[in-house]
There are 4 protein chains.
Amino acid sequence: MPKETFYNLPEAKRNKIYESALDEFAKNPYRQASINRIIENAGIPKGSFYQYFTNKKDLYKFLIEEIYKKKISYLTPEMANPSGMNCFEFLKELFKSGIRFAKENPRLAKIGQHMLSDSEADTYNEIMDDKKDEGLKIYKNILAEGVKRGDVKADINLNLAAYYLFQLSNSISGDLIDLFGKSEEENFMSLVEDMIDLLENGIGSK
Amino acid sequence: MPKETFYNLPEAKRNKIYESALDEFAKNPYRQASINRIIENAGIPKGSFYQYFTNKKDLYKFLIEEIYKKKISYLTPEMANPSGMNCFEFLKELFKSGIRFAKENPRLAKIGQHMLSDSEADTYNEIMDDKKDEGLKIYKNILAEGVKRGDVKADINLNLAAYYLFQLSNSISGDLIDLFGKSEEENFMSLVEDMIDLLENGIGSK
Amino acid sequence: MPKETFYNLPEAKRNKIYESALDEFAKNPYRQASINRIIENAGIPKGSFYQYFTNKKDLYKFLIEEIYKKKISYLTPEMANPSGMNCFEFLKELFKSGIRFAKENPRLAKIGQHMLSDSEADTYNEIMDDKKDEGLKIYKNILAEGVKRGDVKADINLNLAAYYLFQLSNSISGDLIDLFGKSEEENFMSLVEDMIDLLENGIGSK
Amino acid sequence: MPKETFYNLPEAKRNKIYESALDEFAKNPYRQASINRIIENAGIPKGSFYQYFTNKKDLYKFLIEEIYKKKISYLTPEMANPSGMNCFEFLKELFKSGIRFAKENPRLAKIGQHMLSDSEADTYNEIMDDKKDEGLKIYKNILAEGVKRGDVKADINLNLAAYYLFQLSNSISGDLIDLFGKSEEENFMSLVEDMIDLLENGIGSK
DNA sequence: CATGAATGAGGATTCATTCAT
DNA sequence: TATGAATGAATCCTCATTCAT
């Protein structure tokens with residue numbers, strides 16, 4: 001996490017660094033992301049960077065944390081399921097919100113995508129394992145709630161279903177857009193509905 | 001594809017190079033994989049490498065092709081679905097075979113995983129798009145066959161279901177092992193069954 | 001100069017090597033020209049190349065010699081000045097022939113251009129000094145003849161005038177074409193006439 | 001152009017780099033010039049070099065610009081033609097100054113020569129076209145002035161005559177020295193006079 | 001606390017030539 | 001005589017981090 005010096009910075013400067021880092025890590029996976037470019041675009045001297053962050057990984061962790069916070073705060077109103085929706089309806093809404101978030105914050109989405117798909121185990125895992133667990137836990141809770149409400153069968157493998165949802169939410173902003181065409185937003189939303197329906201009803205006849 | 005010079009090499013040497021490359025690309029995604037390390041471990045001079053392969057991408061394409069061939073030849077006996085199994089039974093068998101392949105060839109599995117998940121689109125896509133399409137097509141065909149046989153509902157989104165299976169098959173050797181523990185093989189196999197069951201029946205109650 | 005082995009080659013093969021070398025040295029100055037590419041395009045093994053030529057410079061000298069011979073034999077009919085033209089008319093015809101030669105043999109012209117302008121002293125000079133001297137001598141003879149005929153003033157610096165002509169003939173195929181536009185052939189020929197006129201009459205008033 | 005870091009260097013160090021680069025580019029045309037040798041002779045680590053210059057071309061552009069500035073400032077007093085000399089006298093003085101400059105700064109002259117004669121068009125043109133045009137324009141102006149003063153015939157091909165002068169000025173420091181011997185300075189100067197006389201009066205009798 | 005110069009290992013690729021078969 | 005594998009130095013360039021000022 002950033003050193004105190006970073007938080008003591010005037011907001012404008014702090015923001016420029018944040019933005020520049022966001023750009024760089026959105027365009028490149030961890031290893032390819034270049035501190036050199038970040039400081040150049042932020043207009044700060046190299047020495048300063050290492051006064052704000054202990055190293056590259058430190059900056060990266062910080063960004064991930066920020067993205068996570070932002071996403072949580074974006075989704076929080078939803079998350080309570082205030083209107084008491086059916087489990088699957090609720091998941092649909094949640095996913096749609098996630099898509100909207102990605103559309104409004106493409107860089108954040110891109111970084112998240114890198115993090116979840118990049119296979120540089122050594123560098124990522126340490127950071128990402130927490131987040132992965134958290135993500136899985138969220139879906140597990142939702143499903144457990146569904147079981148309680150009677151929406152979801154009681155005898156299914158919860159971990160597995162949660163994993164399915166987790167995978168889905170990650171691939172949405174990346175792969176799926178490419179595979180199914182950069183469709184209009186509405187089409188895309190209906191794709192989400194199909195996905196959840198598929199999970200609800202399965203594809204087996206009868 | 002490798003130059004003739006590579007194929008003219010004594011098998012022992014050719015193998016050492018192949019093994020060294022396999023190691024390197026299993027441990028690192030494309031960009032991080034280092035020619036220097038490959039030649040060092042293979043015990044060949046740098047100049048020689050470039051007499052066997054035109055460049056890094058050339059070597060990489062070669063490896064992917066080899067992996068693909070090996071996997072195909074491994075799965076071919078299954079693929080015909082000779083015993084006329086039900087669609088979902090058939091998928092289970094196919095996945096189990098895939099898992100066995102990954103267990104027997106962990107490096108190959110790892111490289112495939114890198115290829116399908118890495119976010120360095122520019123470098124990979126050229127090579128990988130074909131393979132991705134092929135992969136998807138296989139699952140689509142299986143599902144279409146299932147529809148014909150009456151195993152699978154006729155009104156589902158085939159593309160989506162195929163995509164789900166594709167994702168699943170890729171994550172099996174990687175993620176799932178980590179997440180669900182390096183369990184005994186039998187446990188792992190039962191996980192596969194759960195996954196397919198989930199796809200067949202859905203998780204919705206009733 | 002090539003080894004005997006080269007001359008013993010079947011003509012077709014010898015020619016393929018010659019053509020390939022011509023291509024390479026037309027596209028690149030000496031240092032950038034690549035033996036690797038030459039043998040690849042010629043379709044001969046690398047070992048063979050060094051059985052025909054002792055090294056790169058050997059091949060290069062050979063090409064220069066061939067070009068020189070070809071040009072001489074092209075210009076020979078002219079050179080005798082059989083119709084007993086005035087010195088300046090004769091030069092004009094000679095230059096025009098030179099241009100025609102360059103148009104008909106663009107690769108040869110290009111190689112000549114490289115040779116005369118490239119500043120890799122160490123590599124070129126050894127070869128080129130002879131040719132340069134020969135070239136200068138030709139023009140000196142023409143001018144001396146002009147003096148004898150009374151076309152050319154007796155008290156001028158012959159070496160210098162010869163040098164001027166030499167420079168001119170070299171720059172024609174290269175620079176001048178670029179500078180004065182890739183004009184129609186006739187325009188270009190009239191440019192030559194202007195050049196010789198300028199040499200004949202000077203630009204001073206009166 | 002160099003980065004700020006270069007200009008911030010202590011002068012002694014900056015100079016060592018400058019001198020080393022000058023040496024290298026004087027001895028070799030662009031492509032053959034080696035960054036490795038430059039840094040070795042300058043006694044700086046490789047990483048440092050790339051903190052001062054973005055790349056090889058950057059350094060090269062810088063050198064060319066420096067040479068150009070130095071030459072301009074050297075010739076400026078002449079250029080005004082303050083004593084209202086006849087066009088041809090003026091050219092003689094200008095050329096003599098150019099020769100003096102070349103004798104005093106042989107490396108700079110050599111680099112200029114490389115730049116103007118090397119046939120590696122792709123690399124040079126971007127940088128050199130400006131300079132070439134500027135050079136031609138200067139001579140064109142001088143000749144135009146000569147026409148106005150009545151020194152130069154009004155009906156000649158100005159472009160061509162300017163081109164002649166341009167070629168001459170470039171070959172002076174290079175070729176001519178070689179061809180006409182490293183003669184005493186006075187002899188050399190008289191050669192220049194001959195050249196201009198030749199241009200003024202032509203070599204035709206009468 | 002800010003600065004920015006120093007560093008050297010590492011990246012991929014090209015090359016002309018030699019030499020054993 | 002034909003072959004083609006072996007070689008290692010050379011090319012330009014990027015990088016994250018340290019440290020003296």
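Labels below follow one simple rule: chain letters A, B, ... track the order of the sequence lines, proteins then strands, and each chain is numbered from 1.
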Tell me the interatomic distance from C:Ile44, atom CD1, to F:dG4, atom C1', rounded to whole angstroms. 12 Å
Can you measure C:Asn28 atom CG to F:dT11 atom P for me and round it to whole angstrom units? 18 Å
Let me know the distance between OH of C:Tyr60 and P of E:dA16, rounded to the nearest Å. 15 Å
Once side-chain hydrogen bond (donor to acceptor under 3.5 Å, both in side chains) is applied, do any residues pair with B:Thr54, and if so which ones, sequence neighbours excluded? B:Asp58
Mind telling me whether C:Phe25 and C:Tyr60 have parallel, tilted or perpendicular rings, with 30° and 60° as the class edges? tilted
Do A:Phe6 and A:Phe62 have their ring centres less than 6.0 Å from each other? yes
Any idea which heavy atoms bring D:Ser20 and D:Asn41 closest together, and the distance? OG-CB, 3.4 Å
Which residues satisfy the side-chain hydrogen bond (donor to acceptor under 3.5 Å, both in side chains) test with A:Tyr68, sequence neighbours excluded? A:Glu134
Between P of F:dA2 and NZ of C:Lys3, the distance in whole Å: 11 Å
Counting only heavy atoms not in D:Lys70, do more than 12 fall under 6.0 Å of its NZ? no
Heavy atoms only, 4.0 Å cut-off, all strands: where does A:Tyr52 land among base, sugar-phosphate and nothing? sugar-phosphate
Could you summarise the pairing of DNA chain F as dot-bracket text, marking Watson-Crick and G-U pairs under 3.5 Å with ( ) or [ ] inside the strand and | across strands? .||||||||||||||||||||
Please enumerate all residues that pass side-chain hydrogen bond (donor to acceptor under 3.5 Å, both in side chains) together with D:Asn8, with sequence neighbours excluded. none
In terms of the nearest nucleotide of DNA chain E, which residue is placed more toward the 5' end: D:Asn8 or B:Gln51? D:Asn8
A:Tyr30 ring centre to A:Lys56 NZ or CZ under 6.0 Å, with the angle to the axis within 45°? yes
Taking atom CD as the centre, does C:Glu40 end up with more than 12 heavy-atom neighbours from other residues, nucleotides or ligands that are less than 6.0 angstrom away? no
Rounding to an integer number of Å, can you tell me how far A:Phe6 CZ sits from E:dC1 C1'? 16 Å
Nucleic acid contacts of residues 17-26 of chain C, taken as heavy-atom distances under 4.0 Å to DNA chain E: none
Return the value, rounded to whole Å, for the distance between atom CZ of A:Phe53 and atom P of E:dA2. 13 Å
CD1 of A:Ile38 versus P of E:dG4: gap in Å, rounded? 19 Å
Examine distances only and state if a side-chain atom of D:Asn55 and a backbone atom of D:Lys57 form a donor-acceptor pair shorter than 3.5 Å. yes
Under-3.5 Å N/O pairs linking protein and nucleotides 9-13 of chain E:
unit_1	atom_1	unit_2	atom_2	d
E:dG11	OP1	B:Ser34	OG	2.9
E:dG11	OP2	B:Asn36	ND2	2.6
E:dA12	OP1	B:Ala33	O	3.2
E:dA12	OP1	B:Ile35	N	3.3
E:dA12	OP1	B:Lys56	NZ	3.4
E:dA12	OP2	B:Ile35	N	3.3
E:dT13	OP2	B:Tyr50	OH	3.0
E:dT13	OP2	B:Lys56	N	2.9

OP1 or OP2 of E:dA2 less than 4.0 angstrom from a side-chain nitrogen or oxygen of A:Ser48, does that happen here? no
Which heavy-atom pair separates D:Ala42 from D:Ile17 by the least distance, and what is that distance? CB-CA, 3.9 Å
Round to the nearest Å and state the distance from A:Tyr7 atom OH to E:dC1 atom P. 15 Å
